[in-house]
Amino acid sequence: MKLSFLEKLCCPMDKHELKSQVFAQHENGDILEGLLTCPSCKRYYPIVYGIPIMTPDEYREKALEAPILEKWGLTLEEAEKQPFLLKE
């Protein structure tokens, strides 16, 4: 994902601007792995293989995303019904 693309993205839930953390970049500067977070609703959206995963909560599975976040040293909120929020 190109860095310039980040400016065009917003939170799909509340349309606020997203903050980004980059964990892996290609030699040309493209983002390979990273995390987008919404400062308003506190949801997270991982970037995997250069693709931001920004699907609605009802189509996401915490069990599939947990290993990716653990690789980056992050953990999820425990409640199953809780939206996709990171532990503070």
Side-chain angles (χ1 to χ4, degrees):
M1 181 173 81
K2 303 270 184 215
L3 284 171
S4 60
F5 189 63
L6 288 177
E7 298 170 9
K8 296 173 175 54
L9 296 177
C10 67
C11 178
M13 299 305 282
D14 61 15
K15 308 300 184 230
H16 281 90
E17 188 174 320
L18 296 168
K19 294 189 177 196
S20 63
Q21 292 178 275
V22 177
F23 300 116
Q25 280 185 292
H26 193 270
E27 297 168 351
N28 65 7
D30 289 353
I31 300 170
L32 297 176
E33 293 182 353
L35 189 69
L36 302 171
T37 53
C38 177
S40 177
C41 70
K42 307 295 188 222
R43 283 180 171 77
Y44 74 89
Y45 306 98
I47 302 170
V48 182
Y49 297 115
I51 301 169
I53 311 301
M54 300 180 72
T55 54
D57 290 352
E58 58 266 16
Y59 299 113
R60 296 170 71 182
E61 290 191 42
K62 289 184 180 185
L64 295 175
E65 294 182 12
I68 296 167
L69 296 173
E70 288 172 7
K71 173 182 169 184
W72 299 330
L74 303 168
T75 55
L76 294 171
E77 291 286 341
E78 297 297 325
E80 188 63 35
K81 299 291 183 192
Q82 186 77 0
F84 285 77
L85 307 175
L86 294 173
K87 276 190 179 176
E88 306 245 347

### Task
Could I get the full list of side chain to side chain contact (heavy atoms under 4.5 Å, CB included) partners for P56, not counting sequence neighbours?
E58, Y59

### Message
Using side-chain contact (heavy atoms from CB on, under 4.5 Å), reason through C11 and S40 one step at a time and then give a plain yes or no.
### Response
CA-CA 9 Å; C11 178; S40 177; over 6 Å; no

### Message
What I'd like to find out is whether the side chain of H16 reaches to under 4.5 Å of the side chain of C41, using heavy atoms alone.
### Response
no

### Task
Taking salt bridge (Lys or Arg N to Asp or Glu O under 4.0 Å) as the test, write out the residues that go with K15, two or more places apart.
none

### Query
Does N28 have any side chain to side chain contact (heavy atoms under 4.5 Å, CB included) partners at least two apart in sequence or in another chain, and if so, which?
H26, D30

## Note on the structure
Note: with side-chain heavy atoms under 4.5 Å as the link, the other cluster members for I47 come out as M1, L3, F5, L6, L9, M13, L18, V22, I31, L36, Y45, M54

#### Entry: Which atom of G50 lies closest to which atom of P52, heavy atoms considered
O-CD, 3.8 Å

### Summary
Apart from L32 itself, members of its ILVMFWY cluster (side-chain separation under 4.5 Å) are none

### Query
Between the side chains of W72 and Q21, does any donor sit under 3.5 Å from an acceptor?
no

#### Entry: Check against side-chain contact (heavy atoms from CB on, under 4.5 Å), Y44 and L69
CA-CA 10 Å; Y44 74 89; L69 296 173; 3.6 Å; yes

### Message
Applying side-chain hydrogen bond (donor to acceptor under 3.5 Å, both in side chains), can you list everything that pairs with K8, at least two apart in sequence or on another chain?
### Response
none

